Amino acid sequence: MKMMKMIKMMVVLVLSCVLCVSADILHEDLAINGCSASDGEVMYSLDGEEKWYADFINKRGVEPQPSFIDHMSYREGTYEQAVANQQICRQNLKVDLEAYKNPPLELDPPSSPMIYTKDYVEVGQKNVLICHVTGFYPAPVNVSWTKNGVQVTEGTSINIPYPNKDGSFRQTSRLEFVPQQGDMYSCTVRHRALDQPLTRIWDVEVKQPGVGPAVFCGLGLTVGLLGVAAGTFFLIKGNECS
């Protein structure tokens, strides 16, 4: 089993460094340089959050850091170095495949996707649908979205594959949308280890306040008032008779 892990088709070089900043706080700094015959990945992260990755399609480096943190920038030439590292990775991959006589590719299917919203759902207010999938090998997965049965691509994005500790990968796709009552969305995941795609459905259902408690409260109040009125009537009649 250990040998099979070593000879997987995608050669991934993982460099991790644990930095101790106090007696009880640890941070994990991770760098990945991975490649296959047709794809590749170079990424740097800190504590599971991506700091920088190479976008080989648009030929640039990307720093997907949220706006609320102190931005960390990488020096000029980092993307060019990533391209050079990919060439070295593919050379090593070719040598390894020849040495191990082209072993069969080990396939691990992804788990059922999880779909949820970034923020609390309010009709007519911009939000983000998130589709998370994990446990697959090799990377990547293909994620597609539909709205009311029609495929949508505008407002969609997906992060690069991120490694799990067991050697599998995880990815997260996002869809920017404006919730409207009754709309139905789906997230479909495709991977070479799957015989059929995995689909998860999410529909816009904003629950309205129920009328039951209000009706029962109104009835209770009405009955109470009628009881008070009846009691007052009999009290007055009783005094007149005396």
Side-chain angles (χ1 to χ4, degrees), residues 39 41 43 45 47-51 53 55 57-58 60 62-69 71 107-164 166 168-225:
D39 202 358
E41 176 181 346
M43 185 270 292
S45 72
D47 294 338
E49 299 292 338
E50 298 171 353
K51 295 187 297 181
Y53 70 86
D55 182 350
I57 296 177
N58 296 304
R60 64 189 180 94
V62 179
E63 297 175 345
Q65 302 169 33
S67 58
F68 54 81
I69 70 169
H71 191 86
L107 299 175
D108 293 323
S111 62
S112 179
M114 296 184 295
I115 186 169
Y116 51 94
T117 58
K118 178 183 177 182
D119 301 314
Y120 181 79
V121 177
E122 294 185 52
V123 170
Q125 299 298 315
K126 290 183 179 180
N127 209 322
V128 178
L129 262 180
I130 298 172
C131 182
H132 180 75
V133 60
T134 187
F136 56 89
Y137 186 92
V141 290
N142 177 274
V143 179
S144 58
W145 292 90
T146 67
K147 174 184 177 182
N148 298 328
V150 179
Q151 188 167 355
V152 293
T153 56
E154 185 177 356
T156 64
S157 62
I158 187 169
N159 70 336
I160 61 175
Y162 196 90
N164 297 314
D166 62 359
S168 65
F169 289 86
R170 64 180 184 265
Q171 278 185 274
T172 302
S173 179
R174 293 171 175 81
L175 170 65
E176 298 176 359
F177 78 120
V178 177
Q180 297 295 342
Q181 190 75 31
D183 281 349
M184 181 176 294
Y185 293 84
S186 76
C187 161
T188 299
V189 176
R190 293 175 174 84
H191 186 263
R192 64 179 71 183
L194 293 171
D195 295 328
Q196 295 181 341
L198 300 174
T199 298
R200 182 59 63 91
I201 295 174
W202 184 90
D203 58 343
V204 180
E205 184 180 357
V206 181
K207 295 183 179 180
Q208 303 295 332
V211 297
V215 170
F216 285 118
C217 181
L219 288 174
L221 179 62
T222 301
V223 172
L225 291 176

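Keep in mind the model is a prediction, meaning the values are calculated, not measured. All values below come from the heavy atoms of this structure, side chains included, with hydrogens, waters and symmetry mates left out.
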Report yes or no: does Gln171 contribute a side-chain atom to a donor-acceptor pair with the main-chain N or O of Asn159 at less than 3.5 Å? yes
Taking side-chain hydrogen bond (donor to acceptor under 3.5 Å, both in side chains) as the definition, give me every residue that meets it alongside Ser112, ordered by chain and number, with sequence neighbours left out. Arg200
Classify the ring geometry between Phe177 and Tyr185 as parallel (under 30°), tilted (30 to 60°) or perpendicular (over 60°). perpendicular
For Ser111 versus Leu198, what's the shortest heavy-atom pair and its separation? O-CD1, 3.4 Å
Looking only at heavy atoms, the pair that brings Ser144 and Gln151 closest together is CB-NE2, 3.9 Å
Whether Asn148 side chain and Met184 backbone form a donor-acceptor pair below 3.5 Å: yes
Taking side-chain contact (heavy atoms from CB on, under 4.5 Å) as the test, write out the residues that go with Val152, two or more places apart. Trp145, Lys147, Leu175
Identify, with sequence neighbours excluded, every residue that meets side-chain hydrogen bond (donor to acceptor under 3.5 Å, both in side chains) alongside Thr199. Thr188
d(Asn142 CG, Leu194 CG) to nearest 0.5 Å is 11.0 Å
Correct closest heavy-atom pair for Val123 and Gln180 would be CG1-OE1, 3.6 Å
Just how far is it from atom SG of Cys187 to atom CE of Met114, taken to the nearest 0.5 Å? 10.5 Å
Heavy-atom side-chain proximity of Asp39 to Pro140 below 4.5 angstrom: yes
Would you say that Val133 contacts Phe169 through its side chain, given a criterion of any heavy-atom pair below 4.5 Å between the two side chains? no
Take a 6.0 Å sphere around CD of Glu49 and say whether it holds more than 12 heavy atoms from other residues, nucleotides or ligands. no
So, using side-chain hydrogen bond (donor to acceptor under 3.5 Å, both in side chains) as the criterion, who are the partners of Asp55 when residues are at least two apart? Asn58
Which residues satisfy the side-chain contact (heavy atoms from CB on, under 4.5 Å) test with Glu63, sequence neighbours excluded? Trp52, Gln65, His71, Ser73, Tyr74
Within the structure provided, determine whether Ser168 and Phe136 are in side-chain contact (heavy-atom separation under 4.5 Å). no
Answer whether the closest heavy-atom distance between the side chains of Val128 and Asp119 falls below 4.5 Å. no
From CA spacing to verdict: side-chain contact (heavy atoms from CB on, under 4.5 Å), Leu129, Arg174: CA-CA 6 Å; Leu129 262 180; Arg174 293 171 175 81; over 6 Å; no
Testing the basics here: between Thr153 and Thr156, what is the closest heavy-atom pair and its distance to 0.1 Å? O-OG1, 2.6 Å
Sorted by chain and residue number, the side-chain hydrogen bond (donor to acceptor under 3.5 Å, both in side chains) partners of Ser45 (sequence neighbours excluded) come out as Tyr162
Going by the rule side-chain contact (heavy atoms from CB on, under 4.5 Å), which residues pair with Leu107 if we only count those two or more places apart in sequence or in a different chain? Leu105, Pro138, Arg192, Ala193
Sequence neighbours excluded, every pair satisfying side chain to side chain donor-acceptor pair (under 3.5 Å) that has a member inside residues 123-134: His132-Thr172, Thr134-Asn164
How long is the span from the CD atom in Gln196 to the CZ atom in Arg190, to the nearest 0.5 Å? 11.0 Å
